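A short worksheet on the structure shown next.
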Amino acid sequence: MTVQGRRLLRPAGALAAAVAVLLAIHAASGRAADAPPSVEILNASYDPTRELYRDVNAAFTKAYRERTGTSVTVRMSHGGSGKQARAVLDGLQADVVTLALAYDVDVLADRGLVRPGWQARLPHNSTPYTSTIVFLVRSGNPKRILDWADLARPGISVVTPNPKTSGGARWNYLAAWGSSLTAGKGEAAARELVAGLFRNVAVLDTGARGSTTTFVQRGLGDVLLAWENEAHLALAESGRGRVEIVVPKSSILAEPPVAVVDAVVDRRGTRAVAEAYLRFLYSPEGQALAAKHHYRPRVPEAAAQAGRTFPAVATFTVDRLFGGWRAAQKKHFDDGGVFDSLFVNR
Amino acid sequence: MRTARVTPSLLPGFGPALGVTLLGLSLVVLAPLATLLATSLRGSPAEFLAAVTTPRVLAALKLSFLLSLGAAAVSALLGLLLGWVLVRYRFPGRRVLDALIDLPFALPTAVAGITLTTLYAPNGWLGKPLAALGVPVAFTPLGIGVALVFLGIPFTVRTLQPVLASLDPEVEDAAASLGATRVETVRRVLFPEVLPSLLTGATLAFARGLGEYGSVVFISGNMPMKTEIAPLLVMTKLEQYDVAGATALAVVLLVSSFLLLLVLNRLEAWAEGRRR
Amino acid sequence: MSAPRSREPRAVRLVLIGLALAAIGLFLLVPLAAVFVEAFRHGTGAWLAAVSDPDARHAVKLTLLVAAIAVPVNAAFGLAAGWALGKFRFPGRNLVLTLIDLPFAVSPIVAGLVFVLVFGRSSLLGGWLAGHGIEVVFAVPGIVLATVFVTFPFVARELVPLMQSQGTDEEEAARVLGAGFFKTFLRVTLPNVKWALLYGIVLCTARAVGEFGAVSVVSGHVRGATNTLPLHVETLYNEYATQGAFAAASLLTLVALAAMLAKAFLSRHAGEEAP
């Protein structure tokens, strides 16, 4: 072999060694993984539930092992609610979905991944916890933002995610719209309020978490529209004294649903675990964890148990004001809907 | 320069090598892209046209094209400056700086995205003074432009460097001895030599910028009609269950990429011709 | 090579150098510094904790695994393309060259989207695969495919022009002297293009390790399963874990710096290979 040929061998040898080391690591990790008999399930969830499910998964794993002797690993995937439903639709092997709104589960039901009538299979419309939409403002509330009408005032900079992709943002939008309706002002006024609000929007992230980061860490905007739980988390993360929560007089009752993805659990044989996992959310321990993370539990005692108090808000539901999610989606958020017209005609 | 001829009698392996090439190309590139085209053609041409001409899609396309074009122009200017300084002048640290030019190419786009956003946010190192001057960068079209310029620099610099290095300084001396001022020499002698490569580099930067996602999505603010780029809108449409709209827009981007490649081929041939 | 004599006045030269330094500083050095400042904002301990977190470790492993598959595949493809397109001329050659370049110009989002369209559950092929329990998208195979796609041209782009400019004389001589195809290829062709090959491999590796857009479309973002390192950076960034995100980003930046060093070193040698 020529001198040149040998020079070539050195880097090539290093590369081969690196690959060999890698494969060894991989093989070792593979062996380690299948040592104890265990079940793995995947929970595809929306953005702001990361902290909640970290705790729930740990508690459920422990409780399930004690009860059945099986060790469960719950894997998580987080993203905008619509994005997650889309991924499941395209083949993401999620055993359960815990999404931001019922419409995204309905889409899965339409395609046969979740059985029809899924919402009646678990208590409370398959919503183990609820939330509402509140405002996060800069400390001292310098712009005096107290209720929905303030969001449409000129000179207010609003941060909310994009209703097209984020479930939370659709709740934000409907909360604003509904607040005007419940005040007895009618459709035209509601439309004007929401139009003014979105005229004031500075940044429209794709997911709720992106918006929170924009508001809290990037310092953009005067007010963030957020899930109550997300607002509390942001408050804790940013350190008190920089932002504060404003609860509007009326807001929407946000019901984030959970469901077993029947097509996936039947194929993987994980139905028992997946159903136990969702039922665990309704257990006293699950409810307390929800309350701890500022989701409003279905069992009121759980709030006290977790040491949380939730301010009273006059809430309205999507079913009552908008005729359910399918109707709301079609009228407001589908292409060519009200939301599009607000943006195009500005 | 010698070019290869078809010599099948002497050199073996043409068939198998071409077979592997075409098979790889078909499996990895052509079949998936053909699926995209086929999916987008499921509806009627009118539906396709309607999907890509909604105001929001047009705004995103306009934003993507204009910003990529502007960023390519700025990258080209920076490329001229950096290429010239790195090739023509000698100063301490030149080699290190020269190697650094590749950073935007080598750095993962997600890293570039979060870093630029952190730097140019209203409370960032660069964003704070700029915001004080009344120039918000992050979450505005300007922020997207900054990210695209960052991305484009290596393409223009690396395309220009070999040409600048191959320029014969004696030609410049000859022009000078014939009475041309330095500015005239640069304009009439150097610039025409460099132009094809300058355009090639700028087109590469443009093509890359048009499709860029990772480094832009964090800094853009994603406002429909204002700071929403076309690739992000593809994602958004997919996530709102609008597969037809997503594929239609993707096809527009794909066709643009292909046309840009054809332009690039022409430019490269022109540059080659000049150098001979 | 000696420095070419400058023809500009000293003042112009200094101003140009100053401007260039300012541009490089502002556009390249400041972001580079920011990555490490943010990564070590809470000290070395926090950095170590972030990069040794099980999810981070899994992301590193997955990223390396994907690169370890994608890079050799594309190196082999690049050599085949170099031989077929560099040493021979045939009708349609230019079209093939342009098509090889296509992934370079295609938006990563479009690249990801096409694989979801091909292998997603709603497609024919995807439905069939799902029926047989084979996962492609939202699993490791999809990530590998997307990575192979976006890095497809990198080796071929380096090898085809070089092999074309080197011509076929040496190979023909070897053949006349009785060498077979493999001997000719290994002893004559490969040594002639080795630096360009390594150069292409370095570019390909850097992009494979760092790919974000295409992979994010096909990954499904499952922590500890389908999150590559760039996706892990995004995940942490979205969890208020800014320091952790930058800690993971600093690892990727180190890979990028290594790739840049290797590229600078190799490009000097690759220049020698041009005839």
Side-chain angles (χ1 to χ4, degrees), chain B residues 1-7 10-14 17-18 20-21 24-25 28-29 32-33 35-36 39 78 81-82 85 88-91 97 99-100 102-103 106-111 114-116 118-119 150 153 169 172 182 207 211 213-214 231 234-235 246 250 253-254 257-258 260-261 265, chain C residues 3-4 6-7 13 16-17 19-20 23-24 27-28 31-32 34-35 77 80-81 83-84 87-89 98-103 105-110 113-115 117-118 148-149 152 164-165 167-168 171-172 175 181 206 210 212-213 230 233-234 237 245 249 252-253 256 259-260 263-264:
Chain B
M1 191 170 92
R2 291 218 37 198
T3 51
R5 296 157 307 196
V6 186
T7 48
L10 269 177
L11 274 195
F14 174 67
L18 186 66
V20 169
T21 307
L25 191 62
V28 177
V29 181
L33 292 180
T35 310
L36 173 67
T39 311
L78 283 172
L81 170 72
L82 295 175
V85 168
R88 282 291 174 109
Y89 304 149
R90 290 296 173 269
F91 51 93
L97 294 186
L100 251 180
D102 286 317
L103 180 73
L107 199 66
T109 54
V111 176
I114 65 169
T115 308
L116 292 175
T118 304
L119 280 176
F150 174 79
I153 288 177
E172 297 164 46
R182 184 65 190 151
Y213 175 74
V234 175
M235 280 292 269
L253 288 176
L254 176 65
S257 312
F258 190 74
L260 279 172
L261 277 179
N265 280 354
Chain C
S6 174
R7 281 149 187 87
R13 210 163 67 219
L16 287 179
I17 292 179
L19 281 175
I24 290 178
F27 273 103
L28 306 178
L32 186 61
V35 172
F77 169 79
W83 187 262
K87 300 287 183 190
F88 301 89
R89 289 217 180 253
T98 305
L99 290 175
I100 289 176
D101 273 344
L102 199 51
V106 167
S107 172
I109 293 302
V110 176
L113 174 69
V114 298
F115 287 104
L117 289 179
V118 174
V148 170
F149 180 96
F152 195 69
Q164 182 186 340
S165 68
T168 54
E171 282 83 1
E172 281 167 22
R175 289 289 289 165
F181 168 70
F212 172 73
V233 169
E234 186 205 17
Y237 185 79
L252 288 167
T253 308
M260 283 155 59
K263 182 175 179 278

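From a predicted model like this one, the values you see are computed outputs, not experimental measurements. Quick note on labels: first sequence line is chain A, next is B, and so on, each numbered from 1.
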What residue in B:Leu253, B:Leu260, B:Leu33 has the most heavy-atom pairs under 4.5 Å with chain C?
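When all of B:Leu253, B:Leu260, B:Leu33 are compared, B:Leu33 has the most.
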Quick one: which of B:Leu36, B:Val85, B:Ile114, B:Val20 has the most heavy-atom pairs under 4.5 Å with chain C, could you say?
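Among B:Leu36, B:Val85, B:Ile114, B:Val20, the one with the most close pairs to chain C is B:Ile114.
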So which heavy atom on [X] is nearest to which on [Y], and how close?
X: B:Val28; Y: C:Phe149; result: O-CD1, 3.1 Å
X: B:Ala99; Y: C:Met260; result: O-CE, 3.4 Å
X: B:Pro231; Y: C:Ser107; result: CB-OG, 3.7 Å
X: B:Ala106; Y: C:Ala256; result: O-CB, 3.4 Å
X: B:Thr115; Y: C:Pro31; result: CG2-O, 3.3 Å
X: C:Phe152; Y: B:Val29; result: CD2-CG2, 3.7 Å

In the structure I gave you, are the side-chain heavy atoms of [X] and [Y] within less than 4.5 Å of one another anywhere?
X: B:Phe258; Y: C:Leu99; result: yes
X: C:Leu32; Y: B:Leu100; result: yes
X: C:Phe27; Y: B:Leu78; result: yes

So which part of [X] gets closer than 4.5 Å to some heavy atom of chain B, the side chain, the backbone, both or neither?
X: C:Phe115; result: side chain
X: C:Leu113; result: side chain
X: C:Val148; result: both

Which residues share a side chain to side chain contact (heavy atoms under 4.5 Å, CB included) with C:Ala84, sequence neighbours left out
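If we apply the side chain to side chain contact (heavy atoms under 4.5 Å, CB included) test to C:Ala84, skipping adjacent residues, the hits are B:Ala17, B:Leu18, B:Thr21.
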Distance check, rounded to the nearest 0.5 Å: [X] atom [atom1] versus [Y] atom [atom2]?
X: B:Leu261; Y: C:Leu102; atom1: CG; atom2: CG; value: 6.0 Å
X: C:Lys263; Y: B:Asp102; atom1: NZ; atom2: CG; value: 3.0 Å
X: B:Arg88; Y: C:Ile17; atom1: CZ; atom2: CD1; value: 13.0 Å
X: B:Leu97; Y: C:Ile24; atom1: CG; atom2: CD1; value: 4.5 Å

Relative to chain C, which segment of [X] carries a heavy atom at a distance below 4.5 Å: side chain, backbone, both, or neither?
X: B:Thr39; value: side chain
X: B:Asn265; value: side chain
X: B:Leu116; value: side chain
X: B:Leu119; value: side chain

Residues which pass side-chain hydrogen bond (donor to acceptor under 3.5 Å, both in side chains) with C:Tyr237, listed by chain and number, not counting sequence neighbours:
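Checked C:Tyr237 against side-chain hydrogen bond (donor to acceptor under 3.5 Å, both in side chains); matches are A:Arg218.
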Option in C:Ala20, C:Ala206, C:Ala245 with maximal non-hydrogen atom pairs under 4.5 Å from chain B:
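The residue among C:Ala20, C:Ala206, C:Ala245 with the greatest pair count is C:Ala20.
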Identify which of C:Ala23, C:Ala80, C:Pro103 forms the greatest number of heavy-atom pairs closer than 4.5 Å to chain B.
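Greatest number of close heavy-atom pairs with chain B: C:Ala80.
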Report the relative orientation of the aromatic rings in C:Phe212 and B:Tyr213; use parallel for angles under 30°, tilted for 30 to 60°, perpendicular for over 60°.
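Aromatic pair C:Phe212/B:Tyr213 classed parallel.
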Whether over 12 other heavy atoms sit under 6.0 Å from B:Phe14 CZ:
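Atom CZ in B:Phe14 is packed in, count exceeds 12.
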